[in-house]
S.K.: 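Below: one structure in structure tokens.
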Amino acid sequence: MLYINCPHCGMRSQNEFSYGGDASVKRPELNKEVSDQEWDNFVYNRKSLRGKHLELWQHISGCRQWIKVERDTATHEIFRTYKADEEVA
Amino acid sequence: MTQPFRIENGGLINRDKKLSFKFNGKTYFGYEGDTLASALLANGVHLVGRSFKYHRPRGFFGAGVDEPYAVVQLYRNGETEPNIKATEQELFEGLEAKSVNCWPSVNFDIGAINNFLKIFLPAGFYYKTFMWPKSFWYRIYEPFIRKAAGLGVASTKHDKERYEHKYEYCDLLIAGSGPSGLAGAYAAAKNGAKVILAEDKPRFGGSLLTSDVNIGNQSGKDWSEGIIAELKTMPNVVVKNRSQIFGYYDHNMLVMSEKVSDHLPSTKKYHPNKRLWYIRAKEVLISSGSIERPIVFGNNDTPGVMLSSAAKEYLKVYGVLVGRKPLVFTNNDSGYETAIEFKKHGVDPVVLDSRKNPESEIIDEAKNLGINIKNSYVVVAAQGYKKVKSADIASISEDKKHLGKIENIQCDCICVSGFWTPTIHLASQSGNKTKFKEEIDAFVPGQSKQNEITLGAANGVFSLDETLKTSFTAGSELSKKITENDNNIAIPNVVEKKSSQHDKFWCVPLPKGKNYKRFLDFQNDVAVSDVEIALREGYRSIEHVKRYTTLGMATDQGKTSNLNGLQLVSEIENKVVPAVGHTTFRPPYTPVSIGAIVGREVGKHSKPTRKSPMHSWHDKNNAVFVDAGVWLRPRYYKRGNENLFEASKREAKNVRINVGVCDVTTLGKIDIKGPDAAELLNRVYTNAWLKLPVGKARYGVMLREDGIVMDDGTTTRISENHYHMTTTTAQAANVLSHLEYYLQLVWPELNVNVVSTTEQWAGAAIAGPKSRDLLQKLFPNSDVSNEGLPFMGYIEGDLFGVKARIFRISFSGELAYEVNVESDYGNFMWERIIEVGEEFKIQPYGTEALSTLRIEMGHVAGSELDGRTIPFDNALEGLVSKKKDFIGKRSLQRSAFLAEDRQRIVGVVPLDKQTSIPEGSHLVKDDKAPLPNPKLGHISASCWSVEYDNPFSLAILKDGKNMIGQKLFAMSPLKNKVIPVEIVSSHYVDPKGERVRS
């Protein structure tokens, strides 16, 4: 079970969190013309990366904040965690 | 009754407490502190089971977790449990056990005919034989194999025992209480670290219990007892016996199974049977020791052949002789230690050493005691069927390829030692890349991946002196980092005998003309010849060889067999062992009870149960409850002998003609506040929200980004910047997360706060033509007329002194209201509604009537919003704004979503107006068409229309818009029904929606 450093609450076990997918995906702006390809990429297409990956988790049984977690998908090493609005280094 | 193989004195058992037990129906006696294995051996019982494949007789091979043979069915306190190792099961008064895998008895087992058919049962036999014909698999092959396979029978009764889970955190977790674990624990504890020391056996001390060493000026055993006694007094230390750390998971999470009650005749009140510990450790010291490995020779599975270390343990810990004429067969000095123990107890062993001329202090001691030692000698084969009677022995050439003349010597047991295999399971599970250590012919941990260190025999270090030094140092260093204390501890002096190099010899060649079975894996009956076949047939990867032959796949997971298997593969393949590699070590290290893994989450406790504040009223008024997610909701209120159908019809009908009340507390409620709240709603819902006035509610549909409907519900503007959103019961949590996702990550510029208020409000829906009259009586000071509180209006009112929110919204399609009060007043509200409603013939209604009412009105719910439908499919396209953007809008332009013949909700009525259509039925054009019959749609919800008194269903039907008036068939192969139906509008009752506005 992963041990995730919630930037708001500190070290917490994985079972307090819910996974939210790739954190690098940006939603197209509202009211903007979006091509089929662009929209497909946003809604469906995800890379299944081996290695360092920036992902979203929500601390649902804690502060309910969405956070970003930089994790190695092969080794599960967690390098850093960020608040939702924090710049990713 | 005597125990013929128990020595007069000695051992760590309590001879003052005699215990009786039964094995295969016969009564025996043992002592407190025995295992089932040691007690049986004390009584001279060596035959305990039959092997898995050939049903050959099986005895005891080890004395602990490595035991491959002595797996029994245990009976305790009216319960039975399979797969119990007799070597681990502690004796208690009244214990009962039986042999497994034999019929009719262990002495006469019909399955043993397999032993004579063994040339027909080589590796891969099942794969090759049961391939053809295909139709035989289900009816003949599988039942046959199932009956033949397996060790013991699982109970089919409900398990009465209780199992607990516990979460723990510590600085240093130590797996194993041998010399390394004790030293590490002591040093770390003295530095103030929070330490957990786990030992799988009942007694602490590991190898110190049986080895002839001195630490300081004490024996090893006394030293270990002193350390444990001191550790137990320290507040920062948890010392646990009977506790197996069986898994090492990510981020230094380890899981331990503590056997709390297995050693007692029955579980004490308020105690669990087992306790599963989830331990998050900052550092882990793996001091799991090593397991002796066998040397492979002919008929090496005969009862009476056992590990030499096990024979020593039975003698020193339990005071039991495993034989009176022992033969010790060794390739290293460990065998001599066992021989010396026999000699000290007046038994004359013969030692066969495969080495030519070994010299060491231990060997000198054996010689001085006058023990008969034969160098360059091996056991070729054990003789005897149900017990060793003699051994064929021979001298062996220096290259270990040629045997001398075969001699037969009498013996009643063969104690074998092929050197030691470090127990590296936990280290490997943590991600540690293991490495092969030539000097010991075994794998040891390599580079640590997590915060773990492996020391002592588990790390391939067999010198006590070195083990203690490294372990004291490691315990001190690891804890110093955490506590910043440094209490230097003097490392005690060690007196131990030096040993000489072992012989890299593991398998005795077959003598000419003999074809003895030489077993590698004792539990799964995998012999040398089976692995040879696998390799001949082209299996190369060790993982494939394992699966084809089942080597190392039994409940002992190859603890005694894996390395010899690797040696064999490497020899045939002409590779070095590290090039062959080893199979993956997966948790659990030893079998864990399913009950312990499940813990308290059984039956009603498998999920939380949520009850509305009115629950006790429902209960008192004969409500029959149904699970709705985690909630318990009244399904119907039973009157007299009514069944579900009759009751729900009565309740629904009463709503249509009088008035009913339904507990709607379970609806998800989200409080939304902030200057940008309207903007958020406008983006989340498909329809327009910016112009909703204060005091008004609106129905909304929200989509996922892929255009599929996520949820629906009404949201009410309470005040300028304050909204009250309702969601379906099932989606409440998801919708909240959804809103939080957009507010925190996508549109953080919106100034809005959302919070769940589901539990803060109790809700009652009052529905029916008389609902306004009732409401007026409940709120005499409020104007609830059609003008004062119009459809989709909202006011606040005073319910006999309690503040209430009144929404004029309707799910039933009737004139209806929802009243909310703070949860604590929920019951008060409900009782007032029932009281005041009496004159209007009010009746409470449950979810079944609720469904009936919404189905015949054509209102969609979870069965239509099933994660596969878009607004159009639910006839909700009128709520999709063309002007503004919202979540998921772009996806609605996908061509499939725009298709002319897109699926759509319709109503379905059976032609005979009698036959109810099962939910899930398929709608097809031709009921006689060949299978697979093209499916046009499916029945999503069915009810008995109380308005028309005939069955009515909703369906999602292809091209539904143009299908009204068509005749189709509803087919349910599950219920074996074919029903001719007519497609009608989904708005079966009051299609213009006049009632809700009346």
S.K.: Taking side chain as everything from C-beta outward and backbone as N, CA, C, O, which of these in A:Lys68 sits under 4.5 Å from a heavy atom of chain B? Side chain, backbone, both or neither.
M.R.: side chain

S.K.: Would you say the side chain of B:Trp277 lies within less than 4.5 Å of the side chain of B:Leu173, judging by non-hydrogen atoms?
M.R.: no

S.K.: Between A:Val34 and chain B, with a heavy-atom cut-off of 4.5 Å, which part of the residue counts as in contact: side chain, backbone, both or neither?
M.R.: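 Answer is both: backbone and side chain atoms of A:Val34 are under 4.5 Å from chain B.
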
S.K.: What's the separation between atom OG1 in B:Thr727 and atom CE in B:Met702, rounded to the nearest 0.5 Å?
M.R.: 7.5 Å

S.K.: Under a 4.5 Å heavy-atom cut-off, does chain B meet the side chain of A:Ser18, its backbone, both or neither?
M.R.: neither

S.K.: Using non-hydrogen atoms only, which part of A:Asp40 is less than 4.5 Å away from chain B: side chain, backbone, both, or neither?
M.R.: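 Neither part.
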
S.K.: If we define contacts as heavy-atom pairs under 4.5 Å, which of B:Met253, B:Arg894, B:Gln744, B:Lys884 has the most with chain A?
M.R.: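 Looking at each option in turn, the highest pair count goes to B:Gln744.
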
S.K.: Is it possible for you to check whether B:Arg280 lies under 6.0 Å from the centre of the six-membered ring of A:Tyr3, through NZ or CZ, and within 45° of that ring's axis?
M.R.: yes

S.K.: Heavy-atom cut-off 4.5 Å, strictly under: side chain, backbone, both or neither for B:Tyr167 against chain A?
M.R.: side chain

S.K.: Using atom types as modelled and distance alone, determine if a side-chain donor or acceptor of A:Thr73 lies under 3.5 Å from a backbone N or O of A:Leu49.
M.R.: yes

S.K.: Quick one: which residue pairs count as a salt bridge (Lys or Arg N to Asp or Glu O under 4.0 Å) with a foot in residues 77-89 of chain A, not counting sequence neighbours?
M.R.: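 Only A:Arg80-A:Glu86 qualify under salt bridge (Lys or Arg N to Asp or Glu O under 4.0 Å).
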
S.K.: Looking at chain A, which one of B:Glu705, B:Arg704, B:Lys889, B:Gln893 has the largest number of heavy-atom pairs inside 4.5 Å, strictly under?
M.R.: B:Glu705

S.K.: Which word best sums up how the rings of B:Tyr685 and B:Trp689 line up, parallel for under 30°, tilted for 30 to 60°, or perpendicular for over 60°?
M.R.: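 Rings of B:Tyr685 and B:Trp689: parallel, under 30°.
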
S.K.: Is A:Trp39 close to chain B through its backbone or its side chain, or both, or neither, when contacts mean heavy atoms under 4.5 Å?
M.R.: side chain

S.K.: Please flag which part of A:Leu56 lies under 4.5 Å from any non-hydrogen atom of chain B: side chain, backbone, both or neither.
M.R.: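 When you check distances to chain B, only side chain atoms of A:Leu56 fall under 4.5 Å.
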
S.K.: With side chains defined as the heavy atoms from C-beta onward, is the minimum distance between B:Tyr163 and B:Leu276 less than 4.5 Å?
M.R.: no

